[in-house]
Amino acid sequence: MHEASIALSLIAVATETMQEHGGGRVSALTVRIGQWSAVVPEALQAAFPAAAEGTPLEGARLSIHSVPGIGACPTHGPVELELGRGLRCPVCDLPTPTLLQGDELDLDELELDGPT
């Protein structure tokens, strides 16, 4: 499950950011995950508590926001892609080789408690 290593990376980035802002603890974090990112949100949610154990993020609430896949159709412009159809326009079925959004994996927001 690569989501465990993703959880560890998120914790490292969040810990670094927390330290840059004076330390303390992280009570919540929000992550944006694109539908085309190959990250399974439920698996990340399950892996996070064990990965956070013993870190300043232990007990923090993880919120995940899903980002839809948007492709650039040569005829219709930006279109929302359907995972089952692949990178094809849902209107005309032309290939949409450019993914405009949907492959994100971003730490979007941290909620910090004061320094301990």
Side-chain angles (χ1 to χ4, degrees):
M1 168 192 331
H2 76 289
E3 281 78 2
S5 63
I6 291 169
L8 291 170
S9 295
L10 285 171
I11 289 165
V13 170
T15 299
E16 183 179 316
T17 302
M18 176 205 62
Q19 290 170 344
E20 290 171 0
H21 289 87
R25 297 191 67 77
V26 175
S27 58
L29 63 159
T30 302
V31 178
R32 292 170 29 91
I33 299 177
Q35 291 177 329
W36 292 76
S37 69
V39 176
V40 179
E42 296 81 5
L44 179 59
Q45 193 76 262
F48 181 77
E53 196 171 303
T55 75
L57 281 85
E58 185 170 357
R61 183 181 72 255
L62 174 63
S63 298
I64 297 175
H65 291 253
S66 182
V67 179
I70 303 292
C73 173
T75 303
H76 297 99
V79 292
E80 188 167 341
L81 301 172
E82 301 166 12
L83 285 174
R85 294 178 58 90
L87 295 172
R88 301 194 76 78
C89 177
V91 179
C92 66
D93 204 40
L94 283 175
T96 56
T98 303
L99 189 63
L100 302 174
Q101 79 172 35
D103 60 351
E104 295 88 343
L105 176 56
D106 299 323
L107 177 58
D108 193 42
E109 190 174 306
L110 288 178
E111 188 175 310
L112 303 175
D113 290 338
T116 54

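All residue numbers refer to positions in the sequence shown, counting from 1. Worth saying up front: this structure is predicted, and the values here are computed from it rather than measured.
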Do [X] and [Y] have side chains that approach each other closer than 4.5 Å (heavy atoms only, starting at C-beta)?
| X | Y | answer |
| --- | --- | --- |
| Leu94 | Pro74 | yes |
| Leu62 | Gln45 | yes |
| Pro41 | Ser66 | no |
| Ser37 | Glu104 | no |
| Leu81 | Gln35 | no |
| Leu110 | Thr30 | no |
| Arg61 | Ser27 | no |

Any sub-3.5 Å donor-acceptor pair from Thr15's side-chain atoms to Ile11's backbone N or O?
->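 Checking the backbone N and O of Ile11 against the side chain of Thr15, a donor-acceptor pair under 3.5 Å is found.
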Using modelled atom types only, decide if a donor and an acceptor are shared between the side chain of His2 and the backbone of Ala38 within a distance under 3.5 Å.
->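 The answer is yes, because a donor-acceptor pair under 3.5 Å joins these two groups.
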Indicate, with yes or no, if [Y] and [X] share a hydrophobic cluster defined by side-chain heavy-atom contacts under 4.5 Å among Ile, Leu, Val, Met, Phe, Trp and Tyr.
| X | Y | value |
| --- | --- | --- |
| Trp36 | Leu44 | no |
| Ile33 | Ile70 | no |
| Leu8 | Leu107 | no |

Roughly how far apart are Cys73 SG and Leu100 CG, rounded to 0.5 Å?
->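 Reported value, rounded in 0.5 Å steps: 11.0 Å.
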Can you tell me how far CD1 of Ile64 sits from CG of Leu29, rounded to the nearest 0.5 angstrom?
->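 It comes to 9.0 Å.
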Heavy-atom closest pair, residues [X] and [Y]:
| X | Y | answer |
| --- | --- | --- |
| Ala51 | Ala7 | CB-CB, 3.8 Å |
| Cys92 | Cys89 | N-SG, 3.5 Å |
| Val26 | Ala60 | O-CB, 3.3 Å |

Going through the distances and angles, do Glu3 and Val40 end up as a side-chain contact (heavy atoms from CB on, under 4.5 Å)?
-> CA-CA 7 Å; Glu3 281 78 2; Val40 179; 3.4 Å; yes
Testing Val31, Leu57, Asp106 for side-chain contact (heavy atoms from CB on, under 4.5 Å) with Leu10, which one passes?
->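 One option only clears the test, and that one is Val31.
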Starting from Val67, walk the hydrophobic network (Ile, Leu, Val, Met, Phe, Trp, Tyr; side-chain heavy atoms closer than 4.5 Å) and list everyone else you reach, by chain and number.
->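 Answer for Val67: none, a lone residue.
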Hey, is CD on Glu58 packed in by over 12 heavy atoms from elsewhere, all under 6.0 Å?
->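 Enclosed.
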Does anything in residues 74-87 pair up under salt bridge (charged side-chain N to carboxylate O under 4.0 Å, His left out), and if so which pairs, sequence neighbours excluded?
->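 Output for this query lists Arg85-Asp93.
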